[in-house]
Amino acid sequence: MKDGKFITMAFESSCDETSVAVLADGRQVLANVISSQIDIFRQYGGVVPEIASRHHLENINPVIDQAMEESGLSWEEIDLIGVTEGPGLVGALLVGVATAKAIAFARDIPLVGVHHILGHISANYIEYPDLKPPFLALVTSGGHTNIIAVDDYNRCRVLGGTRDDAVGEAYDKVARVLGLGYPGGPKMDRLAKEGNPDAIAFKRVYLEKDSYDFSFSGLKTAVLNYLNTEKQAGREVNKADVAASFQQAVMDVIVEKAVHAVMEQTQNGGRGEKKLVLAGGVASNSKLRAMLEEACSTRGIRLYRPSPVLCTDNGAMIGCAAYYKYRELGADSLDLDADPSLELPEERL
Ligand code: KG4
Ligand code: ZN
C-alpha cells in the first residue's frame with residue numbers, strides 16, 4: 001500500500017512486447033514500461049517465437065527495474081502481482097508467468113492470472129476513470145476479433161468471433177503480399193489514406209443474417225487473386241487503392257456488426273446507456289475510429305477508445321484487469337501456468 005492506495009504490479013509478455021506496469025487502485029498508472037521487439041522482427045517479416053522468448057528473458061529484469069524506478073515505490077509497497085497467463089506464444093508467456101510467480105513466492109504477494117483479451121478491454125478503465133460495466137466491447141487485435149457483452153468486471157458473453165483469420169492477422173498478411181513489411185497494420189492504415197476505397201469492389205462478408213461472427217480469409221484470398229490477375233495482365237497495381245479498398249471492405253462489416261450489436265443485444269434488456277468500447281491493436285486504426293465515431297454519434301452510442309499506447313500490448317491493462325479480478329475472486333495459486341490457447345471464459349472473464 002502507498003498512501004492508502006492498493007498497488008498492483010503487472011507483467012505482459014504474450015507476443016513481442018515485454019511490459020511491466022505499476023498501478024495504484026487499479027486505474028492510476030504509476031509506470032507502464034514497454035520494450036518492443038518490432039525493430040528486431042522487421043527483418044524477418046513477422047514474429048519468430050523462439051527469438052521473442054529469448055528477448056523477453058533478456059529484457060524482463062531491466063524493464064522491471066525501470067518500472068520500479070518510475071513508480072517511485074519500494075517492493076514492500078506492492079500488494080498484488082498480475083500476469084498475462086494466455087493466450088499467446090507459449091515461450092513468450094512463460095517468461096512473464098515464471099517471473100511473476102517467482103516474485104509472488106519470494107515476497108509473499110498474491111498472484112492473479114489475466115486473460116489477455118480482458119486486459120485489452122480493461123485498458124478503457126484506465127483511459128476513462130468513470131467507465132463501468134455493463135457495455136459492449138469490440139476487440140480487434142492480431143489474434144482476436146470479437147464482439148463481447150461485458151456484463152461486469154468478471155462476467156461476459158462472447159456474441160461473435162472470427163471463424164478464420166483475426167482482423168490484425170488479415171491486415172498483416174495483405175501488407176506482406178503488398179510488400180509493405182512488418183508490422184503491416186499501421187502501414188496499411190497509412191497507405192490507405194492515399195488510396196481510393198471504392199477502387200476495387202472486394203466482397204463484404206456478413207455471414208448469416210444477425211450473426212456476429214466474422215470471416216476475413218476470403219477477403220485476403222480476393223486481394224491475392226486481384227494482385228495475380230493484374231500481374232498476369234501486365235497492369236501496374238496501385239497499392240494505395242488496394243489497401244484502401246481492403247480496409248473499407250473490412251471496416252464496413254466490423255462497424256455494421258458492432259453498432260448492430262449495441263442496438264440489438266440484450267445486455268441491458270434493451271435499456272440503459274448505449275456504450276461501445278474498443279480494444280486491441282487494431283483499435284488504433286484511423287478508419288475504424290472515424291467510421292465508428294460517425295456511426296455511434298448518429299445512434300446515440302457513447303464510444304470509448306483507449307489511446308494508442310493502451311491499445312497495443314502493455315502491462316498497465318493487465319494490472320487493471322488483475323485488480324478487478326483479485327477484488328472479486330481472490331488470488332490464484334502458484335500452480336498458475338501459461339496457457340497459449342486460454343479460452344475467453346464466457347460467463348466469468
Ligand atoms: O493487440 P495487439 O498489439 O497484439 C495482439 O494481441 O494481437 O495487436 C497487434 C495487431 C497487429 O496485427 C497489427 O498489425 C494490428 O494490431 N494493428 C493495426 C493498426 N495498429 C496495429 N491494424 C490496422 N491498423 C492499425 N492502425
Ligand atoms: Zn494484444
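What you see is a predicted model, and the numbers here were worked out from it, not measured in a lab. In each ligand, atom 1 is the first atom listed, and ligand 1 is the first ligand listed.
When all heavy atoms of Pro87 and Ser14 are compared, the closest pair comes out as O-CB, 3.7 Å. Residues Arg27 and Tyr128 share a closest heavy-atom pair of NH1-O, 3.1 Å. When every heavy atom of Phe246 is checked against every heavy atom of Met188, the shortest pair comes out as CD2-CE, 3.4 Å.
For ligand 1, the atoms closer than 4.0 angstrom to any heavy atom of Thr312 are 3 (O). Of all atoms in ligand 1, listed by their number and element, those nearer than 4.0 Å to a heavy atom of Gly168 are 12 (O). Taking a cut-off of under 4.0 Å to the non-hydrogen atoms of Gly143, the atoms of ligand 1 that pass are 7 (O).
Between Glu208 and Arg163 there is a salt bridge, since at least one side-chain N of the basic residue sits less than 4.0 Å from a carboxylate O of the acidic one.
Shown here is Arg54, whose CZ atom has no more than 12 heavy atoms of other residues, nucleotides or ligands within 6.0 Å. The environment of CD in Glu69 is sparse: at most 12 heavy-atom neighbours from other residues, nucleotides or ligands sit within 6.0 Å.
Residue His120 places a heavy atom less than 4.0 Å from ligand 1. Using a non-hydrogen distance threshold of 4.0 Å, Cys15 does not register as a contact of ligand 1.
Relative ring orientation between Tyr153 and Tyr324 is described as parallel, the plane-to-plane angle staying below 30° on a 0-90° scale split at 30° and 60°. Aromatic ring orientation, His116 versus His120: perpendicular (interplanar angle above 60°, classes split at 30° and 60°).
Under the 3.5 Å distance criterion, with hydrogens and angles disregarded, no donor-acceptor pair is assigned to the side chains of Gln37 and Ser35.
Residue Glu17 does not touch ligand 1, judged by heavy-atom distances below 4.0 Å. Here Pro183 has no heavy atoms under 4.0 Å from ligand 1, in either its backbone or its side chain. In His116, the part holding a heavy atom less than 4.0 Å from any atom of ligand 1 is the side chain.
The protein non-hydrogen atom at the shortest distance from atom 15 (C) of ligand 1 is Val282 CG2, 3.8 Å. Remark: minimum distance from atom 26 (N) of ligand 1 to any protein heavy atom is reached at Asp189 OD2, 2.9 Å. Residue, atom and distance of the protein heavy atom nearest to atom 7 (O) of ligand 1 are Gly142 N, 2.8 Å. For atom 24 (N) of ligand 1, the closest heavy atom belonging to the protein is Asn285 ND2, 2.9 Å. Scanning the protein for heavy atoms near atom 18 (C) of ligand 1, the closest one is Gly185 CA, 3.6 Å. For atom 13 (C) of ligand 1, the closest heavy atom belonging to the protein is Asp172 OD1, 3.9 Å. The protein atom (non-hydrogen) at minimum distance from atom 20 (N) of ligand 1 is Gly281 O, 3.4 Å.
Using a cut-off of 2.8 Å, one finds that Cys15 contributes no N/O/S atom close to the Zn ion (ligand 2).
Under the 4.5 Å side-chain heavy-atom criterion for grouping Ile, Leu, Val, Met, Phe, Trp and Tyr, Leu278 is connected to Phe216 within one hydrophobic cluster.
Summary: NE2 is the N/O/S atom of His116 found nearest to the Zn ion (ligand 2). If you look at Asp313 and ask which of its N, O or S atoms sits nearest the Zn ion (ligand 2), the answer is OD1.
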| request: Dump the intermediate steps for side-chain hydrogen bond (donor to acceptor under 3.5 Å, both in side chains) on Ser19 and Asn314, then the final yes or no. | output: CA-CA 5 Å; Ser19 182; Asn314 69 88; 5.7 Å; no
